[in-house]
Structures are given as C-alpha cells and as structure tokens.
Amino acid sequence: MARYEIHGGTPLNGTVTISGAKNAAVAILPAALLVRGTCRIENVPDISDVRILLDILEGMGAKVSRPEPGVVEIDSSGEIDTQPEDTLVKKMRASYYLMGALLGRYGKAHVALPGGCNFASRPIDQHIKGFEMLGADVDYTSNYVEMKPGEFGLQGSRINLDVVSVGATINIMIAAALIPGQTIIDNAAKEPHIVDLANFLNTMGARISGAGTDTVKIRGVESLHGGTYAIIPDQIEAGTYMAAVAATGGNVLVQNVIPKHMECITGKLQEMGVRIIPYDDAIRVQSTGKLRHTTVKTRPYPGFPTDMQAQICVCMSRASGYSRLTESVYETRFFGYCTELQSMGANIQINNKTATVIGVDKLYGANVAAHDLRAGAALVIAGLVAEGTTNVENIHFVERGYENLIGKLTALGAEIRRLED
Ligand code: EPZ
C-alpha cells in the first residue's frame, strides 16, 4: 500500500499553480458522450477519477486521446455501448453522470450504482426523480439503474429538487440537453462546476440558461457538435493549499484561480487573521503568525463548501480559543478524520452536526489513515503542521482529487514523500 511520509514544521513558501476542477471534469467528460463529433477539453486535471472515467468512456466505444498534458480529445460519434463496465463505474461516484448522458443521447442506460467516498449516506433519489420527470422508465434495483423511454417518450419537464443537489442538477442538465422541449430545474445547486458544465454544453450547441442560479432552463436541441473548452480552476484544491499555508504559517502565491469562487474560503481565513491579497487570477496567502478562532457553517455554494470542512478544521486546531464547525450538507463527515486528528493532539469535541475545536499549541506526528478524499487532504495538512513524522495511509483517496500533490508541496518547501510498502 502507498503512503505519504511527512516531516512537519516547515512553513510553506513560494508559488503553487492550481489544476482544473475535479468536479467540473468528472461532469464534462461524461457529457462529451452527448456530442456527435470531437470535443477537445483543456485544463483537465491528471487525477485518478479522470483516468478511471476516460477508461470507462473508451470501454464504451468513445475514441479518447491525450494529445498533450492537460488536454483530452473525446470522439463519441461512433457506436457507443450503453452498458458501461461495472467494476470501473463502481470505483467513483461521478460515474452516475453516465446515466444522464446515455438517457439524453440514446434514450436508454444500464449503469451500476456508483462508488466513491462514503463519508455519509449519498442517495441518488433526486437524480432518479429527474429522469422520471423527463419521461424515462427507471428500474432502480439495489445494484443498477436501468432506463428506457416511458410510454409517452422523453420530454422536457419542470423539476423541483427536494434538496439542493449538485449531482442531481448536473445529471438532469446533461440528460435534458438533447431531450425535446424545455426543462426547468427549480432549487438547483449553484456550484462553479455547474456553470462550467453549462458553458461546456452551450459551446457544443446546447441551449442552457440560468446555471449558477437556483433555476436552470434547458431547451433540448437536435444534436450537439464538437468544439474546444477549457475547464475552470479547482476551487477546493485552491482552498486546500490556502488552508495549508494558514496552518503552517507560510506565504504563498496561489495562481490559476478565480477569486470570486474563493470568496467564502478567503473570508473565513481573513477572519482567522490570515492576510489575503486577491489578484485577477491569483491569490496571495500570507500567515501573520497566530490564527484566531472562528465559526464556520458549511452550506451549498456560495456558502462555505462542505469539501473544505476537514481542511479548515486543521486550521482551527491551531487557532487560539474555541472554534465551532457546523456541517449542514453531510451529517457524518466529521468521522472521516477527527479521530485521526485527535491522535495527533487536536482537541475536537463532536456533538451531532457541530464540532467544537479548542486550539492547541502543537500537533504531533502520528500514523494515520485517510478515509475519504478531503479527510486525506486534511491529514496531509496536519502532518505538515505537526512536530515530528506523520505517515498517512490510504492515499489513493487523496490521489483521486489532487494532481501532483507531492510535486506541488515539495516545491513549497514541504518535506513529504510517497512510499510504497
Ligand atoms: C458533489 O457530490 C461533490 N462530488 C462532492 O464533492 C461535494 O461534497 C458535494 O457535491 C456537495 O458540494 C462531485 O461533484 C463528484 P449533492 P454530490 O448531491 O453531487 C443529498 C469531493 O470531495 N442528496 O450535492 O453527491 C446528499 O445526501 C466530493 O470532491 C439526496 O438526498 O452531492 C447530501 O446530503 C465529496 N438525494 C446533499 O443532498 C440525491 O439524489 C448534497 O449532495 C442527491 C443528494
């Protein structure tokens, strides 16, 4: 098994370049199945979730090439198998976007239920509701989702999501792009990667408006044509490095970001006493020595992202006084990392959806294990802060979502290496 060995105590200094957004890439790549032609997608992060998705698309019959680093070309104009390979599908959560793409383009799908980080119960009832509202007959057994057109065929519809769901918003957008008529998604999620997907589809000839608001309108078109599109920078990767700089006490220019997407994270770090200077496509993060306690409540975008819960918790564990961290999206997310942080000396008390974090003078190196992607990232930050050596196991979770983590961190002065046991 691979692990990271980290010798903590060195402040991060220098420049880090943020890669393309994982959660945009894992939506846009399956959406390329809708296109009769070749999509050239740029700024694609080289992470395992992307590599798995490209293997799935290739196995379905799409022509996939990687002409240069960060660029993927997908040609779905040929014969496509509407039953993607189960074992690969089960390796990641975002494989469920194949359901929307296959329904929209081919009117049928047979897709195994997704895998991915299981830090909470992650149902897909809103996805299924959307597909049914679009006229699909959905057979949703314990292992598969099987879809075909219902007796009245596929037709645009007005769909009100019972919960603000990124995945359901994306899956319905993908399915509706080629379904005749107008589809309206009410109570839609507004994350940057939803806007990015809409921009990608519109570049290929779709007619989507309102992405980034809570009402998204899609007017189905006959077909989509090929084209070129560049993915936005990863808001959560950027936030992770910003939190690492704050926790280790460094001074780093985080470049290739969209500052607007970072506002909630930036605001919280400034509350904690971190000096932040935003530029057009970069943000300078400069520690001023001590961190102040704060209060965070995770919310759907534009609120503080749940995917930054674990990382800000590490900053809180090094801040003065009592901080409070309330999770409002996934009720059990704390359990993916708090025990590990406590073994490193953090003082965290969890009461239902709220953690009280009492700042400590030091964290101490320990042998810890990642249980999901962002928990793993938080443990890396804790190892960078801790006195002594930290080993982080199960780093396959981390490598799902962070491109060249070792290279980027060592360039900032971190003492971290990847070891295979
Ligand atoms: C996406 O997951 C992200 N994953 C997650 O990031 C992120 O934490 C989450 O959005 C929230 O921002 C990808 O984009 C691949 P949701 P998703 O549907 O789509 C409930 C990471 O670290 N819900 O917005 O699965 C659900 O249980 C990952 O990059 C239903 O009840 O999240 C949750 O409480 C981890 N029924 C809430 O909605 C449904 O059908 C939000 O989930 C769907 C969701």
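Atoms within a ligand are numbered from 1 in the order they appear, just like the ligands themselves.
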Decide whether an N or O pair under 3.5 Å exists between [X] and ligand 1.
X	value
G167	yes
V166	yes
V163	no
T306	no
Y96	yes

Who's the nearest protein heavy-atom neighbour of [atom], and how far?
atom	value
atom 31 (O) of ligand 1	P123 CG, 3.5 Å
atom 3 (C) of ligand 1	N23 ND2, 3.8 Å
atom 36 (N) of ligand 1	D125 OD1, 2.8 Å
atom 2 (O) of ligand 1	R122 NH2, 3.3 Å
atom 26 (C) of ligand 1	Y330 CE2, 4.1 Å

Should the pair [X]-[Y] be classified as a salt bridge under the 4.0 Å nitrogen-to-oxygen rule?
X	Y	value
R417	E5	yes
E42	R40	yes
K22	D234	no

_Region of S165 that comes within reach of ligand 1 [heavy atoms, distance under 4.0 Å]_ = both
*Select one of side chain, backbone, both or neither to describe which atoms of L373 lie under 4.0 Å from any atom of ligand 1, heavy atoms only.*
side chain
Just jot down the ligand 1 atoms closer than 4.0 angstrom to any heavy atom of [X], in number order.
X	result
H127	40 (O)
R333	8 (O), 22 (O), 35 (C)
I124	39 (C), 40 (O)
Q126	36 (N), 39 (C), 40 (O)
V329	33 (C), 34 (O), 41 (C)

If we only count heavy atoms from C-beta on, is the [X] to [Y] side-chain gap below 4.5 Å?
X	Y	answer
P84	L102	yes
Q309	F304	no
T248	I381	no
Y241	I18	yes
L291	V274	yes
Y229	C39	no
L197	N199	no

*Going by atom types only, do T17 and Q255 share a side-chain donor-acceptor pair under 3.5 Å?*
yes
*Measure from atom 8 (O) of ligand 1 to every heavy atom in V26, D234, D307, L161 and give the option owning the shortest one.*
D307
*Check each of K22, R374, R93 against atom 25 (O) of ligand 1 and report the one with the nearest heavy atom.*
R93
*asked:* Apply ring-ring contact (aromatic ring centres under 6.0 Å, His included) to residues H110 and Y144 and explain how you reach the verdict.
replied: CA-CA 7 Å; H110 177 100; Y144 286 91; 4.4 Å; yes
*Measure the distances from the heavy atoms of G401 to every atom of ligand 1 and state whether one is below 4.0 angstrom.*
no
